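Okay, so here's the structure we're looking at.
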Amino acid sequence: MKAPDGRVRVPEDRPLRPDGEYVLYWMIAARRTRNSFGLQHAAARARELRRPLLVLEAIRVGHRWNTARVHRFVMDGMSVNARRFESLGVRHLAYVEDAVGAGRGLLRALASRACLVVTDEFPGYFLPRMVAAAAERIPRRFEVVDGNGLVPLAATDRVYTTAASFRRAVHKRAAEWVEEFPVEEPLSDYDLGWAEVPHDILGRWPSRTPQDLKGALIAGLPLDHEVGPVRDRTGGSDAGDARVERFLGDGLAHYPERSRHPDAGGTSGLSPYLHFGHVGAHGVLRRIFHEEGWDPSLIREERLARREGFWGLSPQAESFIDELVTWRELGFVHAFHRPGGLETYDDLPEWARRTLANHEEDDRPWTYDKATFESAATHEALWNACQEQLRRDGAVHGYMRMLWAKMVLGWSDSPREAFATLVALNDRWAVDGRDPNGYSGVAWCFGRFDRAWGPERPVFGKVRYMTCDASRRKLRLSRWLARYSRAGDS
DNA sequence: ATCGGCTCGCGCAA
DNA sequence: TGCGCGAAGCCGAT
């Protein structure tokens with residue numbers, strides 16, 4: 001079954017070539033074998049044309065945030081996919097570029113033998129430009145499939161300034177979108193054979209084995225190795241799926257209350273897996289719906305636009321879905337319509353820029369530059385622990401993340417500099433940096449998708465104020481703090 | 001412990 | 001035009 005029409009974009013309308021050797025799926029964002037509109041669509045095309053499917057999953061070097069951390073995570077995922085595709089009888093080419101530019105030409109070489117090329121839509125980082133460039137160069141029909149979330153990006157025609165207005169838009173069409181989920185196992189009955197790839201292509205661009213991908217290969221790559229792999233967190237669909245199950249079995253029943261407290265460990269931890277598509281939003285939703293015995297008849301229209309009660313699920317599940325769909329996809333929709341907007345200071349709402357400008361000259365109790373923030377060397381142990389968690393784990397606890405960003409706003413020479421510092425730290429150290437959702441998290445701390453709050457305060461103006469002292473009072477965080485403390489902090 | 005005030009944009013109802 | 005509502009705010013009053 002093909003992906004719904006509203007999720008398929010054809011940038012250059014070229015005819016497909018029915019006598020090609022295979023259908024090429026260029027897997028760039030939805031790096032998984034299940035619950036994927038992109039893969040499902042490519043498989044349906046292959047069936048229609050009676051040609052084998054060839055999956056190209058690659059990772060290149062030379063892009064801007066090129067760290068051993070991200071490479072390890074993505075290569076873990078490639079290793080899992082290599083095994084899964086092999087057991088499904090589908091050819092999967094796992095290419096790891098080992099020198100800048102070495103991968104150039106691979107996509108075109110494979111595409112020239114293909115009936116058509118299918119790839120993923122992703123509204124962030126350099127992917128939209130990469131897809132646009134590929135669409136121009138590839139002399140084949142090229143179909144871009146949006147499997148990012150419940151809301152098809154093309155079904156929206158504008159950005160939303162508040163979560164509330166987006167929530168209303170989601171609820172209005174939710175009943176329609178829950179009826180068009182991707183197939184859970186799109187390749188379960190695959191019988192179209194093994195795509196042959198010419199030796200000269202494989203000689204120049206070798207496909208790595210699962211063992212290679214998990215092994216020492218990464219050590220020799222030209223990467224920022226200072227940002228090393230995160231401990232205790234393996235990338236890939238196996239680890240991502242396991243995390244979904246763990247959260248459903250334990251965290252969800254206490255959501256969101258337990259997730260507020262850093263010591264309690266009640267967060268889903270799914271963000272990095274969602275970012276690289278090792279886990280898909282539809283798959284997570286499907287599991288929640290199944291666990292709660294939900295069907296669309298339980299939707300309560302009278303609760304439309306409300307934070308709770310619309311779905312007819314438990315309050316905990318509704319709260320999590322609000323996070324997974326409303327808040328996550330709010331950022332995706334914004335990035336889709338305004339590429340780069342979320343990470344641009346001048347794109348913040350007018351009221352926020354005005355009030356921050358009015359307080360630009362206020363005295364700051366402390367100011368630090370990016371290097372001091374980056375090395376977690378401020379006067380405040382609580383803040384340093386946040387930054388240390390980012391450095392070590394590639395993610396900051398959800399609540400502490402807000403404090404982390406708010407304090408950089410409070411302790412930088414200007415709000416503009418603070419914003420740039422945060423985007424840079426997030427880009428470099430977070431496993432899911434460069435995700436629209438990560439940028440919306442930073443931008444929220446500067447008023448994006450939020451509202452003004454009084455009373456007006458120094459530096460922050462009417463932007464929602466948060467303090468380390470209040471967090472210490474409200475939250476259970478002593479164990480978290482001890483864990484991420486650095487020598488010298490007490 | 002709980003509550004109101006602070007403040008702004010949206011979308012619906014009137 | 002008015003009104004209710006809204007990611008996690010903080011602070012002071014009761």
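Chain A is the first sequence line, chain B the second, and so forth, proteins listed ahead of strands; every chain is numbered from 1. These figures come from a predicted structure and were not determined experimentally.
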Produce the list of close N/O pairs, under 3.5 Å, pairing protein atoms with atoms of nucleotides 3-6 of chain B; give distances to one decimal.
from: dC6(B); atom 1: O2; to: Gly454(A); atom 2: O; distance (Å): 2.1

Between dC11(C), dG6(C), dG9(C), which nucleotide has the shortest distance from any of its atoms to the side chain of Met466(A)?
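Closest nucleotide to the Met466(A) side chain: dG9(C).
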Side chain of Ala452(A): nearest nucleotide among dG6(C), dG9(C), dC8(B)?
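Shortest atom-to-atom distance from the side chain points to dC8(B).
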Within less than 4.0 Å of OP1 or OP2 of [N], is there a side-chain N or O belonging to [X]?
X         : N      : result
Tyr465(A) : dT7(B) : no
Arg464(A) : dC8(B) : no
Lys462(A) : dG9(C) : no

Under a 4.0 Å heavy-atom criterion, the protein footprint on nucleotides 9-14 of chain B, written with B, S and -, is SSSS--
Between [N] ([atom2]) and [X] ([atom1]): distance, integer Å:
X         : N      : atom1 : atom2 : answer
Glu308(A) : dG6(C) : CD    : P     : 10 Å
Trp404(A) : dA8(C) : CH2   : C1'   : 17 Å
Arg306(A) : dA7(C) : CZ    : P     : 12 Å
Phe460(A) : dG9(C) : CZ    : C1'   : 11 Å
Arg167(A) : dG4(C) : CZ    : P     : 19 Å
Asp450(A) : dC5(C) : CG    : P     : 18 Å
Leu477(A) : dA8(C) : CG    : P     : 19 Å
Arg260(A) : dA7(C) : CZ    : C1'   : 10 Å

Evaluation steps, side chain to side chain donor-acceptor pair (under 3.5 Å), between Asp427(A) and Tyr439(A):
CA-CA 9 Å; Asp427(A) 278 338; Tyr439(A) 294 134; 2.6 Å; yes
Hey, can you tell me if Trp411(A) and Trp366(A) have their rings parallel, tilted or perpendicular (30° and 60° cut-offs)?
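Geometry flag for Trp366(A) against Trp411(A): perpendicular rings.
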Please check if the number of heavy atoms outside Arg338(A) that lie under 6.0 Å from its CZ is greater than 12.
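Counting other residues, nucleotides and ligands, CZ of Arg338(A) stays at 12 neighbours or fewer.
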Is it true that, when you exclude Asp295(A) itself, more than 12 heavy atoms of the residues, nucleotides or ligands shown sit nearer than 6.0 Å to its CG?
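Enclosed.
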Using a 3.5 Å distance criterion without hydrogens, assess whether the side chain of [X] forms a donor-acceptor pair with backbone atoms of [Y].
X         : Y         : value
Glu12(A)  : Phe142(A) : no
Glu318(A) : Gly309(A) : yes
Arg364(A) : Asp362(A) : yes
Ser319(A) : Pro315(A) : no
Ser36(A)  : Leu39(A)  : yes

Among Arg32(A), Arg84(A), Arg246(A), which one satisfies salt bridge (charged side-chain N to carboxylate O under 4.0 Å, His left out) with Asp241(A)?
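Single salt bridge (charged side-chain N to carboxylate O under 4.0 Å, His left out) partner of Asp241(A) among Arg32(A), Arg84(A), Arg246(A): Arg84(A).
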May I ask you to check if Arg31(A) and Phe276(A) form a cation-pi contact, with NZ or CZ under 6.0 angstrom from the six-membered ring centre and within 45° of the axis?
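No, Arg31(A) does not lie over the aromatic ring of Phe276(A).
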Given the rule that a pair is Watson-Crick or G-U wobble with both distances under 3.5 Å, how would you write DNA chain B in dot-bracket, using | for pairs to a different strand?
||||||.||||||.
Sole candidate of Gln40(A), Arg286(A), Glu184(A) that passes side chain to side chain donor-acceptor pair (under 3.5 Å) when paired with Asn35(A):
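In the set Gln40(A), Arg286(A), Glu184(A), the residue that makes a side chain to side chain donor-acceptor pair (under 3.5 Å) with Asn35(A) is Arg286(A).
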Inter-nucleotide P distance (dG4(C), dA14(B)), Å rounded
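Roughly 12 Å separates the two P atoms.
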